[in-house]
Amino acid sequence: MRMMKFPRRYLIVILTFISTSVCYIERVGFSIAYTAAADAAKVNQSTKGTILSTFYCGYACSQVPGGWVAQKIGGRKVLLVSFVLWSLTCALVPLDPNRVVVLVIARLLVGVAQGFIFPSIHTVLAQWVPPHERSRSVSLTMSGMYLGAAAGMLFLPSLVKYRGPQSVFLAEAALGAMWCLLWFNYASDPPRSEHPKATAAGFGESLLPVKGSQKMKVENGGFSAKTVNIPWKKILYSLPVWAIVVNNFTFHYALYVLMNWLPTYFEQGLQLSLQDMGSSKMMPYFNMFIFSNIGGVVADHLIIKRIMSVTKIRKLLNTVGFLVASLALMAIPVFRTSGGAVFCSSMALGFLALGRAGFAVNHMDIAPRYAGIVMGVSNTAGTFAGIIGVDLTGRLLEAAKTANSDLSSPESWRTVFYIPGLLCIFSTVVFLLFSTGERIFD
């Protein structure tokens, strides 16, 4: 029997999965390496919060431009350039916590470069993936973030211990360079012949960027210029878009606070060593990887079997994910053991990832042609969550340290985890009221 040809779109999904993994290895890696260097240099918590949040300032600036550029010239090209830029920055910048200006500029540059990545990925996936495969394709791609974070938490503390913090930057740059070679050699735009019903289905070559000189055939046999006007006003005034935006903000507030401050919580809140915790410290992110893919498979199964409408499926998964996560987040400071903290943070991040099968795929439900742009708008909100949450947490902890002399008491951390917990409840209500799974942008 002839071997079945491996569909090209699966290769694209695998490559985007690897790209998100590498991006989050970089983000977790900086947090681990900088925290080690900053603690050795006696940098205070407020300053650490400022440096850790600088990335998100650059990241916020390039989200909407990233979606616009991907729409105009194609996500495939933008994705490659973005990876090259942030990898070079990691390779060339020294990690010295006393050179604050250099670190701020470097993190801004990395943030700007990575800000183009996720809108570009959504543009690429909208072009390649048919509607009935989108939930699991997006979930698999985005779960790369969590597998990358888990790998970073597992391996990078040892790299810092034996090779020093600077070695993390070089390892991240090498991973970025290897991915660039893979993408350059194997990525392509979808050909028309592979998706003959692309326009009707809302994916394929019909969503590719159109050059200014390109023309399209019309009914009377003539030709007319094909232009795409982005409905900015309709996007910005759309309640379903704002439902996505609010949930993206909450998801990333919780994720970025835990990603940047969980190492500090383990080491100063629970008096544990990351090196001594073994593989347990990566379980919260590994749990996200598992639950994200479960959510995608369940959502696509329900869609294919027509058990529920797309709108109800998105709302169900989003609600379950965010409500369970809210309870787990608020329970973290209650448990004062390594096992309790790992369990609660794993439940919180795992069910947040499950919720991504609700709000995160919804970009392509309501606006497949403008998925990168809507993603850019909502991810800008998520990035502001990083700026606000990471910096605010540093200030809260500095105030708690002043009041309690150290950060070992649960009272020092209660507000830190209650804020994202309450935001999860609020976001659930917003998504239930205003979201839809129907296509609302032509």
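Values below: all heavy atoms of this structure, side chains included; hydrogens, waters and symmetry mates excluded.
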Using a distance-only test with no angle check, is there a side-chain donor-acceptor pair under 3.5 angstrom linking Gln114 and Arg27? yes
What distance do Arg369 atom CZ and Gln127 atom CD have between them, rounded to the nearest 0.5 Å? 10.5 Å
Side chain to side chain contact (heavy atoms under 4.5 Å, CB included) between Ser435 and Ile244, intermediate numbers included: CA-CA 7 Å; Ser435 67; Ile244 297 171; over 6 Å; no
Quick check: does any side chain N or O of Trp128 sit under 3.5 Å from a backbone N or O of Asp189, one acting as donor and the other as acceptor? no
Going by the angle between their ring planes, with limits at 30° and 60°, are Tyr56 and Tyr59 parallel, tilted or perpendicular? perpendicular
Does any part of the side chain of Trp86, heavy atoms only, come nearer than 4.5 Å to the side chain of Phe116, both counted from C-beta? no
Does Asn260 reach the main-chain N or O of Tyr256 with its side chain, forming a donor-acceptor pair under 3.5 Å? yes
What I'd like to find out is whether the side chain of Ser292 reaches to under 4.5 Å of the side chain of Tyr146, using heavy atoms alone. yes
Rounded to the nearest 0.5 angstrom, the OG1-NZ distance for Thr123 and Lys72 is 12.5 Å
Heavy-atom side-chain contact between Val390 and Phe55 under 4.5 Å: no
Looking at Phe30, is Arg107 sitting on its ring face, NZ or CZ under 6.0 Å from the six-membered ring centre and within 45 degrees of the normal? yes
Inter- and intrachain pairs under ring pair (Phe, Tyr, Trp, His ring centres under 6.0 Å), touching residues 305-324, at least two apart: Phe322-Phe359
Supply the atom-to-atom distance Thr264 OG1 to Leu52 CG, rounded to the nearest 0.5 angstrom. 7.5 Å
Start with the C-alpha gap between Tyr34 and Lys48, add the side-chain angles, then the distance that decides, and say whether side chain to side chain contact (heavy atoms under 4.5 Å, CB included) holds. CA-CA 8 Å; Tyr34 174 72; Lys48 284 169 63 178; 3.9 Å; yes
With a cut-off of 3.5 Å and sequence neighbours excluded, list every side-chain donor-acceptor pair involving residues 282-291.
unit_1: Asn287; atom_1: ND2; unit_2: Ser346; atom_2: O; d: 2.8

Sub-4.5 Å side-chain heavy-atom contact between Gln63 and Pro119: yes
Can you confirm if the NZ or CZ of Arg314 lies within 45° of the ring axis of Phe431 and under 6.0 Å from the centre of its six-membered ring? no
Using atom types as modelled, flag every donor-acceptor pair under 3.5 Å from a side chain in residues 323-330 to any protein atom, sequence neighbours excluded.
unit_1: Ser326; atom_1: OG; unit_2: Leu323; atom_2: O; d: 2.6

For the OG atom of Ser62 and the CG atom of Leu85, what is their distance to the nearest 0.5 Å? 10.5 Å
One should read off an interatomic distance between Leu349 CG and Leu354 CG, to the nearest 0.5 angstrom, of 12.5 Å
Kindly say whether Phe17 contributes a backbone atom to a donor-acceptor pair with the side chain of Thr20 at under 3.5 angstrom? yes
Gap separating the CD1 atom of Ile235 from the CD1 atom of Ile440, nearest 0.5 angstrom: 9.0 Å
Is there a donor-acceptor pair under 3.5 Å between the side chain of Thr47 and the backbone N or O of Val43? no
